[in-house]
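Throughout, a chain's letter reflects where its sequence line sits, starting with A, and its residues are numbered from 1.
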Number of protein chains: 2
Amino acid sequence: MANSIPAPRAEGLHYLGLRDDIARRIATGLLGPGDRLPAERRLQADLGIARGTIREGLFQLEAEGAIYRRDRSGWYVSPPPVVYDPTRWEGFISYVEAQGRRPATETISAELIVADPLLAGVFGRPVGAPLYRIRRRRYVDDRAVLVERIVIDAALAPDLLSHSLDQSLTDILKSVYGLSVARNQVSMRPCALTGEDAAALGVKSGLPGLHVQRLSHDAGGRVIEFDHEYWRHDAVRIDVDIRVR
Amino acid sequence: MANSIPAPRAEGLHYLGLRDDIARRIATGLLGPGDRLPAERRLQADLGIARGTIREGLFQLEAEGAIYRRDRSGWYVSPPPVVYDPTRWEGFISYVEAQGRRPATETISAELIVADPLLAGVFGRPVGAPLYRIRRRRYVDDRAVLVERIVIDAALAPDLLSHSLDQSLTDILKSVYGLSVARNQVSMRPCALTGEDAAALGVKSGLPGLHVQRLSHDAGGRVIEFDHEYWRHDAVRIDVDIRVR
DNA sequence: GAGTGGTCTAGACCACGGG
DNA sequence: CCGTGGTCTAGACCACTCT
């Protein structure tokens with residue numbers, strides 16, 4: 001019946017009414033980054049709207065990046081995104097700190113593998129050549145924002161795994177192995193986070209994300225890093241500043 | 001109940017089972033780009049799953065960019081995305097054609113406005129200075145993939161509106177006014193398509209999208225174009241190739 | 001153990017499109 | 001007009017976190 005919905009929007013769509021309502025509370029500062037929303041059943045009781053409809057509205061806000069969920073814990077207001085510039089060489093840690101946020105890195109796995117035909121092609125090495133594969137999770141202010149898979153030519157960085165990988169890889173490659181990036185090929189695509197990537201970020205499968213693939217070369221044209229990153233869509237903004245000639 | 005679901009997935013989640021089922025049909029070519037999926041009620045009857053659950057699975061595939069909907073018409077398999085390189089100056093029409101796809105542009109509105117404080121700041125002109133604002137919709141193979149709002153300094157391109165705007169603006173600015181781009185500042189952010197942007201693309205509000213903001217300067221540092229683009233998230237991939245020094 | 005979101009059912013009516 | 005997706009209801013049980 002919906003006895004008395006507060007300002008149920010001109011169009012009369014209940015889920016958009018809820019969306020507008022919450023969005024307004026965020027815009028006016030009534031709800032701030034990190035704040036928790038009322039429970040779904042609480043909203044249901046307060047607004048007199050079926051729970052499915054409540055959730056429809058929350059999904060809208062989630063798609064907009066305004067709120068996010070912690071599994072079976074609740075809905076929270078999203079913090080502002082970090083700005084990522086693929087043309088700059090300083091790594092994640094530097095640019096997150098430069099924006100006054102607190103970065104953290106956690107290595108999920110690191111192993112020596114052999115090149116399959118695809119990776120052999122990417123690195124210009126024979127099939128079976130040794131490569132390192134590293135999987136890491138990265139945080140901003142204690143919220144997991146991305147998972148990444150990095151592949152590095154073991155011949156260029158022998159003994160890489162003996163270093164702590166919870167720090168900047170760029171730094172290690174440069175200071176220990178003298179490898180610095182001269183060319184970056186970056187490819188970005190909106191995607192859905194699924195399977196193990198969604199699990200690693202602790203989000204529901206199907207949440208929108210941003211897939212960033214990066215291929216870094218040194219001045220000699222050698223591939224020194226092949227990287228796949230899966231970002232929460234609400235955690236990142238891409239800025240590029242390009243000058244021609 | 002769910003009498004006999006075909007391979008209901010290890011986890012037993014019906015909506016993910018449907019997701020996997022449709023995804024498999026697409027991967028194996030049983031369903032190809034542009035093909036229509038069975039109606040929701042048809043799937044409901046065939047699979048013995050409630051319609052709400054069916055829709056949950058379809059939303060997953062939509063978030064992944066695998067399928068899209070035409071309002072009250074049905075669900076269709078998404079065509080492949082076009083590749084967009086913000087570092088290259090050829091416009092939409094050129095790069096879409098170069099990828100063997102058919103571009104089209106439609107001008108929604110074009111008008112002379114005066115600079116508000118924000119736009120005045122962007123263009124380095126006084127408040128009240130004349131500007132052109134153009135709103136366009138662009139298509140790939142007859143599917144609307146983006147809407148854009150372009151603002152141009154009227155002083156740099158007098159009488160711009162007397163030209164047909166359904167063609168390349170870059171070409172007009174260069175050949176008629178001698179304006180060519182020397183620097184591009186591009187900012188991209190995953191977003192949700194809402195309000196008039198969703199309406200212009202004919203999609204349901206809340207569909208994930210990509211917001212691209214571009215600020216183009218000429219060699220003298222003058223701002224010649226300020227552009228906001230809202231893309232369907234499944235229609236575009238961003239590729240950037242960057243060399244340092 | 002209580003409370004939360006996650007999943008699912010089985011209906012209903014509406015708005016819009018031209019399968 | 002008929003079929004489609006869009007919206008909504010009012011329940012139910014489960015899995016997980018910890019307010």
Side-chain angles (χ1 to χ4, degrees), chain A residues 1-3 5 8-20 22 31 34-63 67-77 193-194 198-199 202-207, chain B residues 1-3 5 8-20 22 31 34-63 67-77 142 194 198-199 202-207:
Chain A
M1 284 314 105
N3 24 26
I5 294 92
R9 198 183 226 237
E11 304 90 85
L13 295 182
H14 288 168
Y15 77 96
L16 289 178
L18 169 71
R19 193 222 78 93
D20 292 352
I22 305 280
L31 285 169
D35 284 354
R36 183 163 168 213
L37 267 57
E40 295 176 3
R41 286 171 178 86
R42 171 94 237 133
L43 291 168
Q44 176 182 12
D46 289 351
L47 304 179
I49 297 175
R51 187 165 157 234
T53 308
I54 299 286
R55 284 170 66 79
E56 180 82 14
L58 295 174
F59 295 158
Q60 289 268 332
L61 289 159
E62 183 189 44
I67 64 176
Y68 69 100
R69 36 184 156 175
R70 295 218 286 261
D71 192 50
R72 270 163 262 257
S73 160
W75 294 87
Y76 299 82
V77 177
L193 303 170
T194 58
V203 304
K204 182 174 157 2
S205 176
L207 183 79
Chain B
M1 299 300 113
N3 23 26
I5 294 92
R9 200 183 225 235
E11 304 89 88
L13 294 183
H14 288 168
Y15 77 95
L16 289 178
L18 168 72
R19 192 222 79 95
D20 292 352
I22 304 280
L31 285 169
D35 284 355
R36 183 161 167 220
L37 266 57
E40 296 177 2
R41 287 172 178 85
R42 171 93 237 134
L43 291 168
Q44 177 181 10
D46 289 350
L47 304 179
I49 297 175
R51 187 167 156 233
T53 306
I54 298 286
R55 283 170 67 80
E56 179 82 13
L58 295 173
F59 295 159
Q60 287 267 333
L61 289 159
E62 183 189 43
I67 63 175
Y68 69 102
R69 36 184 156 176
R70 293 217 287 260
D71 193 50
R72 269 163 261 258
S73 161
W75 294 88
Y76 299 82
V77 177
D142 292 326
T194 57
V203 304
K204 182 173 158 0
S205 175
L207 183 79

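Contact check for Leu37(A) versus Leu58(A): side-chain heavy atoms found under the 4.5 Å cut-off. Side-chain contact check for Leu16(A) versus Gln60(A): some heavy-atom pair is nearer than 4.5 Å. Residues Leu47(A) and Ile54(A) are in side-chain contact: their nearest non-hydrogen atoms beyond the backbone lie under 4.5 Å apart. Contact check for Ile67(B) versus Leu31(B): no side-chain heavy atoms found under the 4.5 Å cut-off.
Computed from coordinates, the Leu13(A) CG to dT9(D) P distance equals 11 Å when rounded to whole Å. Rounded to whole Å, atom P of dG19(C) lies 19 Å from atom CZ of Arg41(B). Taking atom CD1 on Ile49(A) and atom P on dG11(D), their separation rounds to 16 Å, with Å as the unit. Atom pair Gln44(A):CD and dC8(D):C1' shows a separation of 12 Å (rounding to whole Å applied). In this structure, CZ of Phe59(B) is placed 14 Å from P of dT7(C), rounded to the nearest angstrom. Rounded to whole Å, the distance from NE2 on His14(B) to P on dT7(C) is 12 Å. Leu43(A) places its CG atom 17 Å from the P atom of dG3(C), with the value rounded to the nearest Å. Protein atom CH2 of Trp75(A) is 9 Å distant from nucleotide atom P of dG5(C), rounded to whole Å.
With sequence neighbours left out, Arg42(A) forms a salt bridge (charged side-chain N to carboxylate O under 4.0 Å, His left out) with Asp46(A). The salt bridge (charged side-chain N to carboxylate O under 4.0 Å, His left out) check on Glu40(B) picks up Arg51(B), Arg55(B), with sequence neighbours excluded. Thr194(B) pairs by the side-chain contact (heavy atoms from CB on, under 4.5 Å) definition with Glu64(A), Ala192(B), Ser205(B), not counting sequence neighbours. For Glu62(A), the side-chain hydrogen bond (donor to acceptor under 3.5 Å, both in side chains) test picks out Arg69(A), with sequence neighbours left out.
Contact annotation: Tyr15(B) does not reach the phosphate of dC8(C) (side-chain N/O to OP1 or OP2, under 4.0 Å).
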Which protein N or O atoms sit under 3.5 Å from an N or O of nucleotides 16-19 of chain D?
unit_1: dC16(D); atom_1: O4'; unit_2: Arg72(A); atom_2: NE; d: 3.3

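For DNA chain C, the neighbouring residues in residues 51-58 of chain A, judged by any heavy atom under 4.0 Å, are Arg51(A), Arg55(A).
Nearest nucleotide to the side chain of Glu40(A), out of dG5(C), dG5(D), dT7(C): dG5(C).
Panel note: side chain Arg36(A), backbone Ser73(A); a donor-acceptor pair is recorded below 3.5 Å.
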